[in-house]
Student: 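I'd like to ask some things about the structure below.
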Amino acid sequence: MGRKKGTAKSTWASFLKSIASFNGDLASMTAPPFILSKTSLVEYSAYWTEHPELFVAPAKEQDPEKRALAVLKWFLSTLKQQYSSRSEKLGSEKKPLNPFLGELFLGHWEHETAGTTELVSEQVSHHPPVTAYSIFNKKHGVKLQGYNGQKASFASMTITVKQVGLATLHIDAFDEDYLITLPALHIEGLVYGTPYVELERSTIIQSSSGYLAKIEYAGKGWLSGKKNCFTATLQKTGSKEILYTVSGQWIDTFTIKKGKTEVDSFSHKDHPTTPLNISLLENQDPLESRRAWAKVAAAIDEGDYEKTGLEKSKIENAQRELRKKEKEDGSPWEQRYFTSKERNDTVDKLLEVAAKHMVASGVSAVTLDDPSKTNGLWVFDEQKYEDVKSGKRDEVLKAAVKSVEE
Ligand code: 0T9
């Protein structure tokens, strides 16, 4: 912990002691000030599409096998942003802000060839915390939607996190769906005060066209001396024949091979990310993340931790009041863009196909679409989205905003 001052060192030590008796609720964990991020978890949905050109690439492939490979390539390219972009200087992962119910993160990417890709991310549940998102590119007919929460535990000085929830990708031109499971992870470097994410176990991508991609993660000391490693295979579901193998480091480069022949490769160096466009604070809805947390973020910037706590409590208390009032009035909070379902047919079908292969690689299909873990199975509600856009829901939205602002 060389780079931290004496006081920080003792704060860190007591923080480590405090998480030793950690109850699994990440939100309730009080981290020392220097580890607090100004970014809310609702923003993390954007990590899926910082390479819009790779996101839409599968739509251009006529061959289903090539399409499945393009989906795998895009997925692998998202891992760096998802799991290490907050830790550019390795070991500087920070604790995100815990989103409030209804919190939004909206934006769009503009890319020369990919065109416009839109992002709608919403905190759809607070207990347990669940974020849902929809990311779509109309020009290329590619849609991603998903929702996720975390289950954490602490043992032998690491925080281990299982993700609950799923993502599905739809490609209009081929009416094709891909089910994507989320990897488990743990935090390394805690003892040294230099936390970073390492992925573990596996991810599965099952397509409705009958292809299955399996990604196995490995950290330092496993397979190789490098951190953030993986190997992936693409097969026809149920077949033993391996069509492609992909391996490398998800923070850096990977190669795609057919047999022993390298057919493609990817390096983050050659693929700069496309920045997300978001509205100016003053034009944002009061429920939009950056606007809602602006005072907290400013306090963190100023290094004023008393003020940080104060501003945070203001939001948290207002939320508690709001829930109380909703209970009294018998009118629960209504999600702006998403609807919760008890079952999702698209997901069920793909899960059924992939289930036995998932068990083999340590992913349990049963927990994946268990609505009790995420307060429902969340789907993007296009009707709600259109109604918000056309102003049809103005009255409802105004009321919601007013209740939050009060
Ligand atoms: C969904 C992602 C998720 C969210 C984060 C575990 C974690 C919160 C959840 C799973 C995204 O698509 C991908 C990336 C990183 C995950 C975060 C990494 C992390 O450390 C936090 C937890 C809550 C902490 O902040 C623990 C504190 C840590 C920084 C050490 C003090």
Side-chain angles (χ1 to χ4, degrees), residues 1 4 8-9 11-20 22-50 75-99 103 105 119 121-125 128-135 144-155 157-167 180-201 203 217 228 250-251 276 289 300 373-374 378:
M1 177 131 53
K4 274 167 202 128
K9 208 168 176 172
T11 331
W12 190 253
S14 55
F15 169 63
L16 288 179
K17 260 184 229 149
S18 82
I19 49 176
F22 174 60
N23 64 2
D25 178 9
L26 284 172
S28 75
M29 181 176 76
T30 31
F34 55 82
I35 208 96
L36 291 183
S37 160
K38 291 184 290 177
T39 311
S40 157
L41 263 188
V42 80
E43 288 201 27
Y44 285 30
S45 308
Y47 293 136
W48 285 102
T49 336
E50 295 193 317
F75 174 80
L76 291 168
S77 81
T78 67
L79 297 175
K80 178 184 176 184
Q81 271 69 45
Q82 297 267 19
Y83 300 106
S84 79
S85 58
R86 301 157 304 278
S87 190
E88 279 301 350
K89 201 168 136 260
L90 192 81
S92 52
E93 181 73 47
K94 289 202 165 88
K95 187 178 190 294
L97 294 170
N98 182 29
E103 185 175 328
F105 190 58
L119 165 74
S121 179
E122 175 173 355
Q123 192 69 12
V124 291
S125 168
V130 179
T131 309
Y133 53 86
S134 170
I135 298 172
L144 174 77
Q145 57 168 306
Y147 56 95
N148 58 270
Q150 297 88 36
K151 275 227 136 322
S153 57
F154 181 80
M157 288 322 241
T158 47
I159 298 175
T160 303
V161 180
K162 273 197 197 125
Q163 297 198 66
V164 286
L166 292 163
I180 306 170
T181 69
L182 308 169
L185 56 98
H186 64 266
I187 312 294
E188 289 205 7
L190 268 187
V191 188
Y192 309 104
T194 55
Y196 70 94
V197 170
E198 185 62 274
L199 297 180
E200 53 181 62
R201 296 154 67 119
T203 292
Y217 302 100
N228 305 137
W250 51 261
I251 36 156
L276 178 74
S289 188
I300 292 175
K373 295 234 160 37
T374 47
W378 295 93

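All ligand and atom numbering here is 1-based and tracks the order in the structure. Note that the structure is a prediction, hence the values are computed from the model and not measured. Start at 1 with the first residue, then count along the sequence.
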Student: Can you tell me the protein heavy atom closest to atom 19 (C) of ligand 1 and the distance?
Tutor: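 Among all protein heavy atoms, the one nearest atom 19 (C) of ligand 1 is Ile187 CD1, 3.7 Å.
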
Student: Are the side chain of Ser37 and the backbone of Thr39 linked by a donor-acceptor contact shorter than 3.5 Å?
Tutor: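 Checking the backbone N and O of Thr39 against the side chain of Ser37, a donor-acceptor pair under 3.5 Å is found.
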
Student: Side chain or backbone of Gln163 under 4.0 Å from ligand 1, or both, or neither, by non-hydrogen atoms?
Tutor: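 Looking at Gln163 and ligand 1, just side chain atoms fall under 4.0 Å.
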
Student: Is the shortest distance from atom 28 (C) of ligand 1 to a protein heavy atom below 4.0 Å?
Tutor: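 Within 4.0 Å of atom 28 (C) of ligand 1, no protein heavy atoms are found.
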
Student: Taking only residues two or more places apart in sequence, or in another chain, which ones meet Ser134 in a side chain to side chain donor-acceptor pair (under 3.5 Å)?
Tutor: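 So Ser134 forms no side chain to side chain donor-acceptor pair (under 3.5 Å) with any residue.
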
Student: With heavy atoms only and a cut-off of under 4.0 Å, state how Thr131 meets ligand 1: side chain, backbone, both or neither.
Tutor: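 Within the 4.0 Å criterion, Thr131 makes no contact with ligand 1.
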
Student: Just jot down the ligand 1 atoms closer than 4.0 angstrom to any heavy atom of Val197, in number order.
Tutor: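 So the answer, numbered in order with elements, is 18 (C).
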
Student: I'd like to check atom 7 (C) of ligand 1 in this structure: does the protein have a heavy atom lying under 4.0 Å from it?
Tutor: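 Neighbour list for atom 7 (C) of ligand 1 is empty of protein heavy atoms (cut-off 4.0 Å).
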
Student: Find all atoms of ligand 1 within a distance of less than 4.0 Å from any non-hydrogen atom belonging to Asn148, and give their numbers and elements.
Tutor: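 Counting from 1, the qualifying ligand atoms are 1 (C).
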
Student: Can you list the ligand 1 atoms lying under 4.0 Å from a non-hydrogen atom of Val161?
Tutor: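 In order of number, 6 (C).
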
Student: Taking Gln163 for its side chain and Pro183 for its backbone only, find out whether a donor-acceptor pair lies under 3.5 Å.
Tutor: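 Pair found, side chain donor or acceptor close to backbone of Pro183.
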
Student: Which bit of Tyr47 gets closer than 4.0 Å to ligand 1, counting heavy atoms only: side chain, backbone, both or neither?
Tutor: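 Near ligand 1, Tyr47 shows nothing, with every heavy atom at 4.0 Å or more.
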
Student: Where the side chain of Gln150 meets the backbone of Ala152, is there a donor-acceptor pair that is under 3.5 Å apart?
Tutor: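 A pair under 3.5 Å: no.
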
Student: Any idea which atoms of ligand 1 are less than 4.0 Å away from a heavy-atom of Leu190?
Tutor: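 Selected atoms, number and element: 30 (C).
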
Student: If you round to the nearest 0.5 Å, how far is CZ of Phe154 from OG1 of Thr160?
Tutor: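 So the OG1 of Thr160 and the CZ of Phe154 are separated by 9.0 Å.
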
Student: Minimum heavy-atom separation for Leu190 to Ile159, with atom names?
Tutor: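 Of all heavy-atom pairs spanning Leu190 and Ile159, the closest is CD1-CG1, 3.7 Å.
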
Student: Under 4.0 Å from atom 16 (C) of ligand 1, can you find at least one protein heavy atom?
Tutor: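 No, there is no protein heavy atom closer to it than 4.0 Å.
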
Student: If you have a sec, work out which protein heavy atom is nearest atom 12 (O) of ligand 1 and how many Å separate them, to one decimal?
Tutor: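 Minimum-distance protein heavy atom for atom 12 (O) of ligand 1 reads Gln82 OE1, 2.7 Å.
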
Student: Show me which atoms of ligand 1 lie under 4.0 Å from any heavy atom of Pro96.
Tutor: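 Those atoms are 25 (O).
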
Student: Name the option, out of Trp48, Phe15, Tyr83, that contains the heavy atom nearest to atom 13 (C) of ligand 1.
Tutor: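 Among Trp48, Phe15, Tyr83, the closest heavy atom to atom 13 (C) of ligand 1 belongs to Tyr83.
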
Student: Short list, please: which atoms of ligand 1 are under 4.0 Å from a heavy atom of Arg86?
Tutor: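 Answer, ordered by atom number: 14 (C), 15 (C).
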
Student: Relative to ligand 1, is Leu182 under 4.0 angstrom through side chain, backbone, both or neither, heavy atoms considered?
Tutor: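 None of Leu182 does.
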
Student: How does Trp12 reach ligand 1, if at all, at less than 4.0 Å between non-hydrogen atoms: by side chain, backbone, both, or neither?
Tutor: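 It is the side chain that touches ligand 1; the backbone stays farther off.
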
Student: Please answer whether the main-chain N or O of Ile135 pairs with a side-chain N or O of Gln145 as donor and acceptor at a distance below 3.5 Å.
Tutor: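 Answer holds: no.
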
Student: Considering heavy atoms of the protein only, find what lies nearest to atom 4 (C) of ligand 1 and give residue, atom and distance to 0.1 Å.
Tutor: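 Nearest neighbour among protein heavy atoms for atom 4 (C) of ligand 1, to 0.1 Å: Gln150 NE2, 3.5 Å.
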
Student: Picking from Trp48, Trp378, Tyr44, what satisfies side-chain hydrogen bond (donor to acceptor under 3.5 Å, both in side chains) with Tyr133?
Tutor: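 Between Tyr133 and the candidates, side-chain hydrogen bond (donor to acceptor under 3.5 Å, both in side chains) is satisfied uniquely by Trp48.
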
